[in-house]
Amino acid sequence: MTDVLTEDHGRKLVARTSFSNEAVWLPMLGVYHLNAGEPLIRGKTFTECVIEGPALLAIIDGVTFEGCNMGVATDPSSLFYQPKGPVLIGAVAFSDTRFIRCRFVQVAFTGHVESIDQMAADLTSARAEVTGTST
């Protein structure tokens, strides 16, 4: 009985396009999409959600972060990983997705080198503005 409920819950979660004011466990979201034959999570909007790991979020194309708290790290560059090979194994991949005023907890980020470098620079710059330090 539990397996049927879990499978139904997974299908509903994959079908959703909008998440608002809720906690989203990224590993579970990724697994449900993979089980549905969808290697990418695409076309979603997360508004004021807590996105929880532990997880590695892969930014593929068309992913935006608007007013988000990307996570806690003494050095913001610790939140970003550059891919070493042609395929990302174990990452939860996103495409055409918006994150609006979300908070990321125990989530690291990867993707195209240029995108990751820009995110790291933006986050470091924003941190310097808030703390009044220079980078």
Side-chain angles (χ1 to χ4, degrees):
M1 184 70 165
T2 303
D3 292 340
V4 174
L5 293 175
T6 303
E7 185 176 329
D8 185 50
H9 173 73
R11 283 193 198 119
K12 289 177 182 176
L13 197 63
V14 169
R16 288 178 64 186
T17 58
S18 171
F19 298 78
S20 183
N21 296 306
E22 58 191 288
V24 177
W25 190 35
L26 204 47
M28 182 178 68
L29 187 66
V31 165
Y32 282 143
H33 277 77
L34 285 172
N35 287 344
E38 297 183 26
L40 291 175
I41 297 172
R42 80 175 70 234
K44 311 278 187 201
T45 299
F46 297 87
T47 305
E48 297 182 354
C49 291
V50 177
I51 311 297
E52 300 174 309
L56 180 62
L57 190 154
I59 302 161
I60 304 302
D61 290 308
V63 178
T64 59
F65 301 91
E66 304 166 30
C68 293
N69 178 332
M70 304 308 281
V72 176
T74 304
D75 179 351
S77 64
S78 298
L79 298 171
F80 303 101
Y81 292 86
Q82 295 201 5
K84 300 289 184 187
V87 178
L88 293 169
I89 303 300
V92 181
F94 283 85
S95 177
D96 302 317
T97 296
R98 292 177 65 197
F99 294 95
I100 304 165
R101 296 179 306 279
C102 291
R103 183 168 55 98
F104 292 85
V105 178
Q106 292 295 309
V107 176
F109 304 88
T110 192
H112 301 293
V113 173
E114 300 81 17
S115 299
I116 293 304
D117 286 346
Q118 186 60 54
M119 279 182 72
D122 290 347
L123 194 56
T124 301
S125 174
R127 180 176 183 204
E129 287 177 22
V130 169
T131 63
T133 60
S134 59
T135 53

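Contact between V63 and F94 at its shortest, heavy atoms only, is CG2-O, 3.4 Å. Of all heavy-atom pairs between F46 and C102, the closest is O-SG, 3.3 Å. Among all heavy-atom pairs drawn from M119 and F65, the shortest one is CE-CE1, 3.8 Å. Here the closest non-hydrogen pair linking G53 and P27 is CA-CD, 4.3 Å. S95 approaches I60 most closely through the heavy-atom pair CB-CB, 4.4 Å. Across F104 and L57, no two heavy atoms sit closer than the pair CE2-CD1, 4.0 Å.
Rounded to the nearest 0.5 Å, atoms CG (L88) and OH (Y81) are 13.5 Å apart. Atom CZ of F80 is separated from atom CD1 of I59 by 7.0 Å, given to the nearest 0.5 angstrom. To the nearest 0.5 Å, atom CD1 of residue I41 and atom CG of residue L13 are 8.5 Å apart. Between D96 atom CG and R42 atom CZ the span is 6.5 Å, to the nearest 0.5 Å. Separation of atoms CZ (R101) and SG (C49) is listed at 10.5 Å; rounding is to 0.5 Å. Summarising the geometry, atom CG belonging to D117 is positioned 10.5 Å from atom OG belonging to S77; distances are rounded to the nearest 0.5 Å.
Looking at heavy atoms from C-beta onward, Q106 lies out of side-chain contact with L26 at the 4.5 angstrom threshold. For the pair F99/T64, no side-chain contact is recorded, criterion being any heavy-atom separation below 4.5 Å from C-beta on. Proximity of V92 to L29: side-chain heavy atoms (C-beta onward) are nowhere separated by under 4.5 Å. Within the 4.5 Å cutoff, the side chain of W25 has no heavy atoms near those of the V31 side chain.
The hydrophobic cluster containing V105 does not contain I51, counting ILVMFWY residues as joined when their side-chain heavy atoms lie under 4.5 angstrom apart, directly or transitively.
By the 4.0 Å N-to-carboxylate-O rule, E48 lies too far from R98 to be salt-bridged with it.
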Passes side chain to side chain contact (heavy atoms under 4.5 Å, CB included), D61 versus H112? Steps please. CA-CA 9 Å; D61 290 308; H112 301 293; 3.7 Å; yes
Would you please test R16 and E22 for salt bridge (Lys or Arg N to Asp or Glu O under 4.0 Å) and show each step? CA-CA 13 Å; R16 288 178 64 186; E22 58 191 288; 2.7 Å; yes
Apply side chain to side chain contact (heavy atoms under 4.5 Å, CB included) to the pair T97 and T45, showing each step before the final yes or no. CA-CA 6 Å; T97 296; T45 299; over 6 Å; no
Between N21 and T47, is a side chain to side chain contact (heavy atoms under 4.5 Å, CB included) present by the stated rule, with each step listed? CA-CA 6 Å; N21 296 306; T47 305; over 6 Å; no
Go through the steps to decide whether F109 and L56 satisfy the test side chain to side chain contact (heavy atoms under 4.5 Å, CB included), and finish with yes or no. CA-CA 6 Å; F109 304 88; L56 180 62; 5.7 Å; no
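Side chain of H33 to main chain of L40: no donor-acceptor pair is present (N/O by atom type, distance under 3.5 Å, no hydrogens or angles). Counting only distance, with no hydrogens or angles, the side chain of T17 and the backbone of K44 share no donor-acceptor pair below 3.5 Å. In this structure a side-chain-to-backbone donor-acceptor pair under 3.5 Å is missing from T110 to A58.
Within a 6.0 Å radius of CD in E38, other residues, nucleotides and ligands contribute more than 12 heavy atoms.
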